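What follows is a set of notes on a single structure, which appears directly below.
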Amino acid sequence: MNKQASPIKSAFKSFFKRVWRMIKFVWYRLQLTRWLILAVLLLIFVMSSFLTFKAKTANVGDIKANLQSPSIVYDIKDSRAGSLYSQKGTYVELEQISTPIQDAVISTEDRTFYSNLGFSIKGMARAAVNLVIHHGEISGGGSTLTQQLAKNAKLSQKQTFSRKFEELFLAIQITKTYTKKDILTMYLNNAYFGNGVWGVQDASKRYFGKNASELDASEGAVIAAMLRSPSYYNPAEHLDNATSRRNLILGLMVDNNKLTQAQADAAKKETLVVKNTYEQSDSYKYPYYFDEVVNEAVNRFGIKEEDLVKNGYKIYTALDQTQQSKMETTFEQSYLFPDNAADGTVVQGSSIAINPKTGGVSAVVGGRGDYTIRGYSRITQMKRQPGSTIKPLAVYTPAIEDGYHYDSSLEDKKQSYGTNNYTPTNPDNVYSGSIPMYQAIANSTNAPAVWLLNQIGLKRGIKSVEKFGISVPKSDQNLAMALGGWEGGVSPYQMASAYTAFANDGELSETHFIRKIVDASGAVVVDNTENSKTRIMTKKTAKEMTSMMLGVYNNGTGKYAKPDGYQVAGKSGSTEVPASYGFGTKDQWLIGYTPDIVVATWMGYDKTDQSHFMTNTSIDGLAPIFKYEMQALLPTTAQTSFDTEDAQTLAKKESTKDSNQLVDSIQSGFKNGVNKAKDTANQWYNTVKGFFN
């Protein structure tokens with residue numbers, strides 16, 4: 001076998017030798033080594049130029065101002081409402097930070113801090129070794145205090161090669177811009193120390209009950225320890241870990257000539273006493289509203305959430321602090337809500353108020369119970385079936401535009417439609433044969449709504465809904481759309497926004513939370529002060545729709561939700577649970593408006609099943625909540641009156657007018673007949689008299 005394989009092996013060796021000689025010839029002939037070196041140098045030059053440009057245009061000069069200033073939220077009156085994040089701890093100058101803290105941090109994180117140019121060659125070499133050890137994974141380390149400041153203040157926390165290079169060039173630029181004293185101050189004020197605490201001053205209060213200026217070497221070493229891992233080395237939760245790390249850092253301080261061995265030994269013998277005198281900031285004052293501000297800044301205006309933390313923005317919003325407080329108070333009244341489920345799950349709810357003239361959201365509440373900042377939003381993210389609240393958008397508005405009137409007669413019969421024999425039923429299973437439109441809306445009668453949508457055409461209804469800013473999924477494009485049984489669902493934000501067109505004479509204003517964002521230097525980052533308006537129906541149509549929807553609260557399904565002493569127009573809606581569950585609802589809606597405010601309120605369980613649904617009929621459970629809420633909100637508005645009356649009142653006036661005209665006609669006819677007979681008699685008398693004369 002070996003003798004037979006030998007010629008093949010020799011042939012391969014001979015072939016590869018010829019190939020290698022050819023490669024060497026071409027390589028030396030074309031001087032590829034020089035070209036390769038040139039290409040590498042060119043690549044380094046291009047990368048360096050690009051990163052230098054990025055560093056010089058990164059506005060490192062405003063880092064200090066940004067770190068000192070949290071992102072402030074202002075309300076509709078430009079009054080301060082709070083700040084977006086509590087991450088901005090209490091900012092103190094370096095003189096207010098004890099020398100032991102400074103020495104411990106420098107000895108641990110960056111021994112050459114006062115002499116390096118913002119980066120350390122040894123540190124970079126150490127990071128490169130770690131890169132090899134961890135098989136190409138960037139594990140951190142090797143960064144100076146200046147590089148860490150650059151990362152925390154200007155870059156993301158993601159470990160990538162590009163970020164590490166950006167960090168290096170930014171650190172150089174920061175060193176050129178600030179003194180070492182400024183850099184150390186900014187770093188210590190922007191570091192995280194666990195338990196929601198940022199900055200060395202608040203950390204000193206949280207763990208030792210002292211100001212940062214009062215901490216000794218033992219305590220200062222613990223502060224430095226938490227920079228490595230706030231969760232693992234904080235003394236409140238892991239005292240043993242903190243003590244062990246403290247002792248190591250005290251040794252490093254000796255090595256760095258910041259302590260004598262005797263001083264370090266004395267400090268190691270100290271017993272760490274944890275004392276918490278830190279008071280959590282309540283600057284995130286209106287969490288539901290502030291969350292939506294962040295969502296809008298990120299999703300609509302493209303601002304990174306980390307920039308909202310770092311850059312000290314001034315964010316001007318449409319918030320009405322009085323309305324926000326009153327709405328929150330409503331949701332704190334547990335007695336207004338249905339009882340919890342058997343397992344303790346609370347019935348959830350959410351509400352939103354919008355100024356229909358501007359589209360500005362003045363107040364929001366996204367739920368009940370414990371709140372998670374930047375959690376699930378029942379205002380914008382939640383999608384639930386709208387029930388009968390969709391009828392004005394999908395059926396009655398396009399019908400009015402197509403020539404129907406508030407008193408047009410609609411068929412109210414139980415009948416089937418289409419090949420699938422879709423058969424809508426009224427809630428009470430009672431049918432009158434025919435019903436005026438205003439009464440069908442007020443009583444939320446189902447059969448007439450479906451009949452009318454069938455008359456004007458499904459496509460006409462879909463187009464109308466989309467004009468209000470709500471898309472209809474393909475799966476829901478059928479006659480059942482008239483009753484709002486959509487699988488796709490809608491959010492309270494969408495419904496409130498749609499109803500602003502009725503309150504604003506047919507114009508749909510662009511709904512928004514943010515009016516303007518200004519950065520720490522005073523430059524306007526977002527200007528949303530000129531909001532667009534779109535006319536989606538005539539003023540006459542909006543007025544006629546309002547006259548009919550006044551009846552919902554005056555004598556219809558929402559009469560028990562009507563706030564005392566106020567006229568409110570709008571619509572109720574509910575969706576039933578499957579018959580197998582029993583009798584009840586899974587969604588309850590009430591939308592009410594005046595010329596000054598639109599409020600959409602929803603109630604239900606986050607997850608509906610056989611154990612979690614509301615046994616109330618229609619919107620009975622939501623009525624007391626909505627009434628309480630509106631009676632609190634409406635006095636804060638301009639209380640502008642509607643320019644129309646309830647359609648039922650108009651219909652009565654029209655009926656009375658017709659009756660009076662009939663009586664007048666009869667009386668006039670009788671009077672004319674008498675006068676005519678009288679004239680005829682006189683003519684006869686004069687004729688006879690003339691005959692005898």
Side-chain angles (χ1 to χ4, degrees), residues 69-88 281-301 303 305 308-309 311-332 350-367 371 373-374 377 379-380 492-493 496-497 500 503-504 509-520 522-531 593-601 629-630 632-640:
S69 305
S71 291
I72 305 298
V73 179
Y74 294 88
D75 67 10
I76 191 64
K77 298 177 181 177
D78 292 346
S79 297
R80 178 170 173 158
S83 58
L84 278 189
Y85 294 92
S86 58
Q87 174 166 342
K88 302 279 183 159
S281 171
D282 60 352
S283 58
Y284 208 80
K285 190 174 181 181
Y286 306 112
Y288 288 114
Y289 197 98
F290 287 6
D291 270 6
E292 297 299 346
V293 168
V294 175
N295 289 338
E296 186 167 272
V298 173
N299 299 326
R300 180 172 174 180
F301 299 115
I303 297 177
E305 188 168 351
L308 289 173
V309 179
N311 291 348
Y313 290 125
K314 292 182 178 180
I315 305 174
Y316 296 87
T317 71
L319 171 68
D320 184 311
Q321 293 194 64
T322 302
Q323 290 184 10
Q324 180 67 32
S325 296
K326 290 184 178 297
M327 187 177 284
E328 289 180 1
T329 299
T330 298
F331 276 71
E332 291 168 0
S350 61
S351 191
I352 178 172
I354 301 177
N355 182 330
K357 295 181 177 64
T358 65
V361 178
S362 57
V364 293
V365 169
Y371 176 75
I373 292 179
R374 304 293 294 117
S377 170
I379 298 298
T380 55
Y493 179 91
S497 178
T500 60
N504 196 36
S509 297
E510 188 176 29
T511 306
H512 61 280
F513 290 87
I514 297 171
R515 295 183 288 130
K516 182 173 64 174
I517 299 179
V518 179
D519 68 17
V524 177
V525 179
V526 171
D527 188 352
N528 193 39
T529 52
E530 295 295 329
N531 290 285
Y593 67 88
T594 72
D596 306 310
I597 191 172
V598 177
V599 178
T601 305
E629 179 180 38
M630 292 299 278
L633 293 175
L634 290 176
T636 70
T637 69
Q639 300 181 44
T640 306

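Remember, it's a predicted structure, so these values are computed and weren't measured experimentally. All values below were derived from every heavy atom in this structure, side-chain atoms included, with hydrogens, water molecules and symmetry-related copies excluded.
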> Can you tell me if Gln321 and Ser79 form a side-chain donor-acceptor pair at under 3.5 Å?
Replying inline: no
> Quick one: are Pro356 and Tyr593 in side-chain contact, heavy atoms under 4.5 Å?
Replying inline: no
>> List the residues meeting side-chain contact (heavy atoms from CB on, under 4.5 Å) with Ser325, not counting sequence neighbours, and say none if there are none.
In response: Tyr286
> If you take all heavy atoms of His512 and Asn531, which pair is closest and at what distance?
Replying inline: CE1-ND2, 3.1 Å
>> For Lys516, is there an ion pair with Asp78 - N to carboxylate O distance below 4.0 angstrom?
In response: no
> What distance do Ile76 atom CD1 and Tyr316 atom OH have between them, rounded to the nearest 0.5 Å?
Replying inline: 12.5 Å
> Under the side chain to side chain contact (heavy atoms under 4.5 Å, CB included) criterion, do Ser509 and Thr358 qualify, and how do the steps go?
Replying inline: CA-CA 6 Å; Ser509 297; Thr358 65; 6.0 Å; no
> CG of Leu633 to OG of Ser351: how many Å apart, nearest 0.5 Å?
Replying inline: 7.5 Å
> How long is the gap from OG1 on Thr637 to CE on Met630, to the nearest 0.5 Å?
Replying inline: 8.5 Å
>> Between Glu292 and Val364 (side chain of the first, backbone of the second, donor and acceptor by atom type, cut-off under 3.5 Å), is there such a pair?
In response: no
> Who are the side chain to side chain donor-acceptor pair (under 3.5 Å) partners of Arg80, not counting sequence neighbours?
Replying inline: none
> Side chain of Thr317, backbone of Ile514: donor and acceptor closer than 3.5 Å?
Replying inline: no
> With Asp320, which residues qualify under side-chain contact (heavy atoms from CB on, under 4.5 Å), at least two apart?
Replying inline: Thr322, Gln323, Ser362
>> Please determine whether side chain to side chain contact (heavy atoms under 4.5 Å, CB included) holds for the pair Leu308 and Ile315, giving the CA-CA distance in whole Å, both sets of side-chain angles, and the decisive distance to 0.1 Å.
In response: CA-CA 10 Å; Leu308 289 173; Ile315 305 174; 4.1 Å; yes
>> Run the side-chain contact (heavy atoms from CB on, under 4.5 Å) test against Ala496 and tell me which residues pass, sequence neighbours left out.
In response: Ile352, Ile354, Val598, Ala600
> Hey, does Ile379 have a side-chain heavy atom less than 4.5 Å from the side chain of Tyr288?
Replying inline: no
> Okay, side chain of Thr636, backbone of Ala632: is any donor-acceptor separation there less than 3.5 Å?
Replying inline: no
>> Within the 4.5 Å heavy-atom criterion, are Val361 and Tyr493 side-chain neighbours or not?
In response: yes
>> Run the side-chain contact (heavy atoms from CB on, under 4.5 Å) test against Lys357 and tell me which residues pass, sequence neighbours left out.
In response: Asn355, Asn504, Pro595, Asp596
>> Please check: side-chain N/O of Arg515 versus main-chain N/O of Asn528, any donor-acceptor pairing under 3.5 Å?
In response: no
> Hey, what's the ring geometry for Tyr289 with Phe513, parallel, tilted or perpendicular (30° and 60° as the breaks)?
Replying inline: perpendicular
> Which distance, rounded to the nearest 0.5 Å, do you find between the CZ of Phe301 and the CG of Asn295?
Replying inline: 12.5 Å
>> Are more than 12 heavy atoms, taken from residues, nucleotides or ligands other than Glu530, located less than 6.0 Å from that residue's CD atom?
In response: no
>> Holding to side chain to side chain donor-acceptor pair (under 3.5 Å), I want the full list of residues that pass it with Ser350, two or more places apart in sequence or in another chain.
In response: none
>> Could you measure the distance from the CD atom of Gln324 to the NZ atom of Lys285? Nearest 0.5 Å is fine.
In response: 10.5 Å
